[in-house]
Asker: 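Mind looking over this structure? Questions follow.
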Amino acid sequence: MTSPPQTHAPGRYPAGALAFPHRSLLAIGQLETHQILFLLDEAEQWVAWNRQPNKHTDRLAGLTIINAFFENSTRTLLSFEIAGKRLGADVVNMHAAQSSVKKGETLIDTAVTLNAMRADAIVIRHQSSGAVALIADKVACPVLNAGDGQHEHPTQALLDALALRHALRARGRASSDGHFNGLRVTICGDVLHSRVARSNILCLQALGALVRVCAPPALMPAQVDRLGVEPFHDFDAALDGADVVMMLRLQNERMEGQYVPSPREYRHVYGLTPERLARAASDAIVMHPGPMNRGVEIDSTVADLAGQSIITDQVEMGVAIRMACLDVLTRRARGVEHWA
Ligand code: CP
């Protein structure tokens with residue numbers, strides 16, 4: 001099947017420059033605002049495409065994509081796999097638990113091995129911050145960060161922005177320039193260990209949103225205000241008038257020792273219940289990157305709240321964003337360059 005036409009709003013990107021000049025996608029922090037908008041606009045074609053019965057195109061036919069996951073994943077791994085396959089690429093998944101990493105092979109030797117197989121793009125999730133950038137230095141092809149330690153999860157922030165754009169559009173509140181100017185977003189939970197929080201803070205601020213973060217003192221990064229966010233420990237105060245509430249789970253796998261007294265007490269103070277949500281704007285949008293711990297950071301009645309929760313929309317947008325990223329990052333290798 002032929003691919004959908006590209007749609008780009010004129011004037012969003014600086015004229016005469018390559019619309020996306022990066023070889024790899026390692027962090028939101030590396031992107032200019034117009035490059036974020038470019039990826040979101042590119043993803044729009046795939047949202048529509050993925051809603052058809054036949055979702056296959058041969059745009060990346062002949063290319064090989066390796067998904068190398070050193071940490072568990074459901075959404076990110078599956079959506080990258082689906083994205084690559086829908087674009088016609090050959091997709092191979094490497095699970096660290098069944099790989100020679102278990103025999104003591106180093107990260108660099110693993111990267112050199114993947115490179116020797118002549119992959120056209122490598123998608124990596126790793127438990128160490130900076131590991132993905134290290135691999136990107138050792139391979140010849142584009143590398144996409146699928147989450148590195150507590151550092152960044154750039155495609156999560158992009159899919160969140162796309163889901164938010166669609167939710168605002170459905171409410172008649174989307175701006176014509178694609179920005180989120182003045183939108184009040186509250187991010188609550190284990191901010192300290194969250195790469196999702198960091199990428200979202202950078203992405204949302206680049207698009208003009210006002211970001212509040214809320215966490216118990218032990219789970220708030222030191223000097224978080226340097227990121228330009230408004231920090232809260234009182235969840236009720238953080239929710240006051242919020243247009244968007246993004247909940248994060250407790251990342252127990254990154255904790256040494258006890259950061260919260262118990263899940264029950266955590267829910268009592270930081271759980272998003274229907275009563276708490278009532279403190280936000282009346283039609284506040286509820287988000288969660290998943291996986292959720294229902295009954296801890298978010299109650300089921302809120303997570304499944306029709307008209308306000310967009311958690312499953314986030315998952316849908318994940319495939320479209322990853323299709324856009326794979327398409328854009330392999331353009332140079334395919335001899336296709338997009339000039340703004
Ligand atoms: N949001 C997210 O990264 O989910 P997974 O860990 O399931 O990929």
Side-chain angles (χ1 to χ4, degrees), residues 25-29 39-40 43 65-86 91-98 121-129 131-132 143-164 166-167 185 187-204 213 244-255 272 285-294 296-298 302-304 309-326:
L25 177 60
L26 302 178
I28 294 295
L39 291 175
L40 297 179
I65 297 169
I66 299 181
N67 294 322
F69 276 58
F70 297 82
E71 261 190 352
N72 293 343
S73 169
T74 298
R75 281 150 285 270
T76 313
L77 175 59
L78 284 181
S79 60
F80 265 117
E81 182 174 358
I82 291 168
K85 286 179 173 169
R86 285 191 184 161
V91 182
V92 181
N93 293 337
M94 190 203 94
H95 300 278
Q98 290 122 40
I122 302 178
V123 180
I124 301 169
R125 170 169 287 192
H126 199 280
Q127 61 276 13
S128 300
S129 304
V132 180
V143 170
L144 293 91
N145 182 0
D148 63 326
Q150 297 169 214
H151 174 227
E152 277 229 35
H153 192 349
T155 57
Q156 179 70 45
L158 292 168
L159 75 86
D160 288 340
L162 188 63
L164 201 43
H166 279 246
V185 182
I187 301 176
C188 179
D190 182 358
V191 181
L192 179 66
H193 297 108
S194 179
R195 56 198 178 206
V196 172
R198 175 183 285 273
S199 290
N200 261 300
I201 288 167
L202 296 172
C203 185
L204 289 164
V213 293
V244 181
V245 186
M246 184 182 292
M247 299 304 295
L248 305 172
R249 85 185 158 87
L250 292 171
Q251 304 213 2
N252 294 310
E253 71 275 22
R254 300 191 207 288
M255 295 182 193
L272 188 62
I285 296 163
V286 175
M287 305 179 76
H288 194 306
M292 284 185 276
N293 289 138
R294 290 172 181 263
V296 182
E297 76 272 8
I298 189 165
V302 178
D304 303 329
S309 170
I310 61 165
I311 294 169
T312 54
D313 300 334
Q314 290 172 260
V315 178
E316 180 188 6
M317 299 301 154
V319 179
I321 277 291
R322 284 152 187 151
M323 288 174 83
C325 291
L326 289 171

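Order of listing sets the numbers, starting from 1, for every ligand and every atom in it.
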Asker: Counting non-hydrogen protein atoms only, what is the nearest one to atom 4 (O) of ligand 1? Give residue, atom name and distance.
Answerer: R75 NE, 3.1 Å
Asker: Are the side chains of T76 and R322 in contact, using a 4.5 Å heavy-atom criterion?
Answerer: yes
Asker: Between R195 and E71, is there a side-chain N and carboxylate O pair less than 4.0 Å apart?
Answerer: yes
Asker: Using side-chain contact (heavy atoms from CB on, under 4.5 Å), reason through S194 and Q251 one step at a time and then give a plain yes or no.
Answerer: CA-CA 8 Å; S194 179; Q251 304 213 2; 4.2 Å; yes
Asker: With heavy atoms of T76 as the reference, note each atom of ligand 1 found under 4.0 Å away.
Answerer: 2 (C), 3 (O), 4 (O), 5 (P), 8 (O)
Asker: For atom 6 (O) of ligand 1, what's the nearest protein heavy atom and its distance?
Answerer: R125 NH1, 2.9 Å
Asker: Using every non-hydrogen atom in the two residues, find where M247 and P289 come nearest and quote the distance to one decimal.
Answerer: O-CD, 3.2 Å
Asker: Report yes if P289 has an N/O atom closer than 3.5 Å to an N/O atom of ligand 1; otherwise report no.
Answerer: yes
Asker: List every atom of ligand 1 that sits less than 4.0 Å from any heavy atom of T74, numbering the atoms from 1 in the order shown and giving each element.
Answerer: 5 (P), 7 (O), 8 (O)
Asker: Tell me if the CG atom of N72 is crowded by more than 12 foreign heavy atoms within 6.0 Å.
Answerer: no
Asker: Which heavy atom of L164 sits nearest to which heavy atom of I310, and what is that distance?
Answerer: N-CD1, 4.2 Å
Asker: When you compare ligand 1 with G290, is there at least one nitrogen or oxygen pair between them that comes in under 3.5 angstrom?
Answerer: yes
Asker: So is E71 close enough to ligand 1, meaning a heavy atom under 4.0 angstrom away?
Answerer: no
